[in-house]
There are 2 protein chains.
Amino acid sequence: MEYQEAKEKFISTWGSLGSMWGINKAMAQIQSLLFISTKPLSMEEIMEELKISRGNTSMNLRQLMDWGIVSKELVPGERKEYFTTEKDVQELARHIAKERSRREIKPVIKVLKDVSSIKDDGTAKTKELIKQTKALHDLAETADAMMNKIVTQEQNWITKSLLKLLK
Amino acid sequence: MEYQEAKEKFISTWGSLGSMWGINKAMAQIQSLLFISTKPLSMEEIMEELKISRGNTSMNLRQLMDWGIVSKELVPGERKEYFTTEKDVQELARHIAKERSRREIKPVIKVLKDVSSIKDDGTAKTKELIKQTKALHDLAETADAMMNKIVTQEQNWITKSLLKLLK
DNA sequence: CTAAACTTTCAATAATTATTGAAAGTTTAG
DNA sequence: CTAAACTTTCAATAATTATTGAAAGTTTAG
């Protein structure tokens with residue numbers, strides 16, 4: 001496999017993966033492109049590489065900046081804006097985990113808490129609803145907490161020792 | 001909040017969440033409905049509760065069975081098929097994590113491995129591609145392994161002690 | 001201040017994905 | 001074996017989501 005093929009494969013795989021972390025294709029592809037680029041890229045360059053329109057590029061870059069994983073880079077003497085993404089995978093994972101938690105997981109936990117707190121009228125179906133949503137609530141909270149803790153740590157020693165412990 | 005409202009809120013929240021674990025709305029809603037039901041439900045009952053067509057119900061039930069989180073229950077003396085979902089959240093999480101890993105994460109890890117193994121032609125851009133995809137590969141593998149281990153364990157003692165350790 | 005160089009917005013449209021429902025298929029009671 | 005009771009399939013359609021591109025907006029060099 002040559003450079004160009006590998007690059008395209010990476011971008012398209014990572015792009016289609018976007019949905020896993022609640023991000024659309026173009027957004028994920030722009031991030032991928034920046035992630036393996038050796039230098040900041042301008043909007044023109046991104047449009048051309050990915051064959052997407054100016055509007056699309058602009059909107060998705062903004063979203064990536066909202067997620068905190070892409071930032072503007074000003075090149076002195078240049079009028080254009082250039083963009084870079086966080087290059088450290090650990091940091092990237094931290095940002096993504098934090099945003100997902102905030103945008104998606106936390107609100108769901110809230111709903112589960114509300115639903116599981118309705119008053120018990122004694123009927124079997126109400127009891128079941130309360131029991132099951134409470135169980136999900138606890139699971140979701142634990143999972144969310146673990147994810148954040150793990151990803152927030154100075155990874156190396158703790159991850160390694162956890163993995164050993166869990167094997 | 002009364003039973004009916006709580007139920008609807010739960011089903012619609014959990015349903016819209018489906019996309020987080022790569023499942024469509026109807027599929028997630030059917031699972032939710034079964035999850036808080038006190039008894040197995042027939043296709044008719046599911047259709048009626050969720051206001052979805054017979055075909056839709058049939059297809060999504062099949063998918064849920066493929067995921068291994070819903071199963072047929074035969075009620076003696078009845079011609080119809082009845083359905084139940086795994087009621088234990090721990091088991092549910094295990095199944096979901098396992099399927100996601102198999103369907104989505106493992107294939108991506110494979111691509112990352114391939115891409116990061118292209119021959120180094122000495123150029124900066126090739127070096128960067130290799131370095132970055134290798135880093136992602138390692139991260140993805142570690143995350144996948146941890147998720148599976150955690151979710152596979154007899155949760156209680158290990159989860160609790162891990163959480164303490166991580167706090 | 002002006003105009004060129006750029007970016008953003010957003011209505012129209014294209015692409016994708018989910019849903020319907022009727023026809024075909026399957027199972028079982030009798 | 002037959003027909004009723006059910007389930008599945010799948011082409012057509014509806015709903016949702018992403019994309020385009022031109023017009024409007026913004027910034028800065030001169």
Side-chain angles (χ1 to χ4, degrees), chain A residues 11-34 40-67 70-85 103-104, chain B residues 11-34 40-67 70-85 103-104:
Chain A
I11 290 173
S12 84
T13 304
W14 208 241
S16 69
L17 196 72
S19 59
M20 260 182 64
W21 28 296
I23 259 175
N24 78 22
K25 206 179 72 183
M27 205 172 147
Q29 291 188 335
I30 293 172
Q31 200 276 330
S32 313
L33 184 62
L34 293 173
L41 299 178
S42 67
M43 238 173 65
E44 291 290 341
E45 290 168 307
I46 295 169
M47 285 167 61
E48 190 170 313
E49 280 268 15
L50 302 177
K51 311 254 183 289
I52 58 179
S53 71
R54 187 176 298 284
N56 202 0
T57 308
S58 170
M59 285 170 122
N60 286 107
L61 276 169
R62 160 187 281 282
Q63 282 202 77
L64 284 163
M65 289 189 287
D66 288 348
W67 270 72
V70 161
S71 46
K72 279 186 189 165
E73 184 112 337
L74 292 180
V75 173
E78 284 269 23
R79 187 71 181 279
K80 284 205 225 11
E81 295 174 324
Y82 285 79
F83 300 89
T84 45
T85 188
R103 292 171 192 228
E104 304 183 59
Chain B
I11 290 172
S12 83
T13 305
W14 207 241
S16 69
L17 196 71
S19 59
M20 261 183 62
W21 27 297
I23 259 176
N24 78 21
K25 205 180 71 182
M27 205 170 147
Q29 290 187 335
I30 293 173
Q31 199 276 330
S32 313
L33 184 62
L34 293 173
L41 299 178
S42 67
M43 238 171 67
E44 291 289 342
E45 291 169 308
I46 295 168
M47 285 166 62
E48 190 169 312
E49 281 267 14
L50 302 178
K51 310 255 182 289
I52 59 178
S53 72
R54 187 175 299 282
N56 203 359
T57 308
S58 170
M59 283 170 121
N60 286 108
L61 276 169
R62 161 185 280 282
Q63 283 203 75
L64 284 163
M65 291 189 286
D66 288 348
W67 271 71
V70 161
S71 46
K72 280 189 189 163
E73 183 112 338
L74 291 178
V75 173
E78 285 268 22
R79 188 71 179 280
K80 284 206 221 22
E81 294 175 324
Y82 286 79
F83 300 89
T84 44
T85 188
R103 294 172 191 227
E104 304 182 60

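Just so it is clear: chains get the letters A, B, ... in the order the sequence lines come, proteins before strands, and each one is counted from 1. Every heavy atom of this structure was used, including side-chain atoms; hydrogens, water molecules and symmetry mates were not. Since the structure is predicted, the reported quantities are computational estimates derived from the model, not experimental observations.
Here the closest non-hydrogen pair linking A:Ile46 and A:Leu33 is CA-CD2, 4.1 Å. Nearest heavy atom pair, residue A:Ala28 against residue A:Gly18, reads CB-CA, 4.0 Å.
Proximity of residues 72-84 of chain A to DNA chain C (heavy atom under 4.0 angstrom from any strand atom) is restricted to A:Arg79, A:Lys80, A:Glu81. Within residues 23-34 of chain A, the residues having any heavy atom closer than 4.0 Å to DNA chain D are, in order of number, A:Asn24, A:Ala26.
Among residue pairs with one or both ends in residues 45-57 of chain A, those qualifying as salt bridge (Lys or Arg N to Asp or Glu O under 4.0 Å) are A:Lys7-A:Glu49, A:Lys39-A:Glu45, A:Glu44-A:Arg54; sequence neighbours excluded. Applying the salt bridge (Lys or Arg N to Asp or Glu O under 4.0 Å) rule to pairs touching residues 12-22 of chain A yields nothing, sequence neighbours excluded.
Residue B:Arg103 places its CZ atom among more than 12 non-hydrogen atoms of other residues, nucleotides or ligands, all under 6.0 Å distant.
From B:Met47, atom CE reaches atom OG of B:Ser53 across 7.0 Å, with rounding to the nearest 0.5 Å. Here CD of B:Glu73 is found 15.0 Å from NZ of B:Lys80. Values are rounded to the nearest 0.5 Å. Within the model, atoms OG of A:Ser58 and CG of A:Asn56 stand 9.5 Å from one another, a figure rounded to the nearest 0.5 Å. Within the model, atoms CD of B:Gln29 and CG of B:Asn24 stand 9.0 Å from one another, a figure rounded to the nearest 0.5 Å.
Inter-residue side-chain proximity for B:Val70 and B:Leu61 is flagged as met; some heavy-atom pair is nearer than 4.5 Å. Put simply, the side chain of B:Trp67 does not reach to within 4.5 Å of the side chain of B:Gln31, judged on heavy atoms. In this structure, B:Ile11 and B:Leu50 have side chains that are in contact, with non-hydrogen atoms separated by less than 4.5 Å.
Within 4.0 Å of B:Arg54, counting heavy atoms only, lies at least one base atom of the nucleic acid.
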Where each pair must be Watson-Crick or G-U wobble with both distances under 3.5 Å, what dot-bracket representation of DNA chain C is obtained, with crossing pairs in [ ] and other-strand partners as |?
-> ||||||||||||||||||||||||||||||

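For DNA chain C, the contact window with chain B, defined by any atom under 4.0 Å from a protein heavy atom, covers C:dA18 to C:dT28 in 5' to 3' order.
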Verdict with supporting geometry, B:Phe83 and B:Ile30, side chain to side chain contact (heavy atoms under 4.5 Å, CB included) = CA-CA 10 Å; B:Phe83 300 89; B:Ile30 293 173; over 6 Å; no

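Nearer to the 5' terminus of DNA chain C, by closest-nucleotide assignment, is the contact made by A:Met43 (compared with the other of B:Ser53 and A:Met43).
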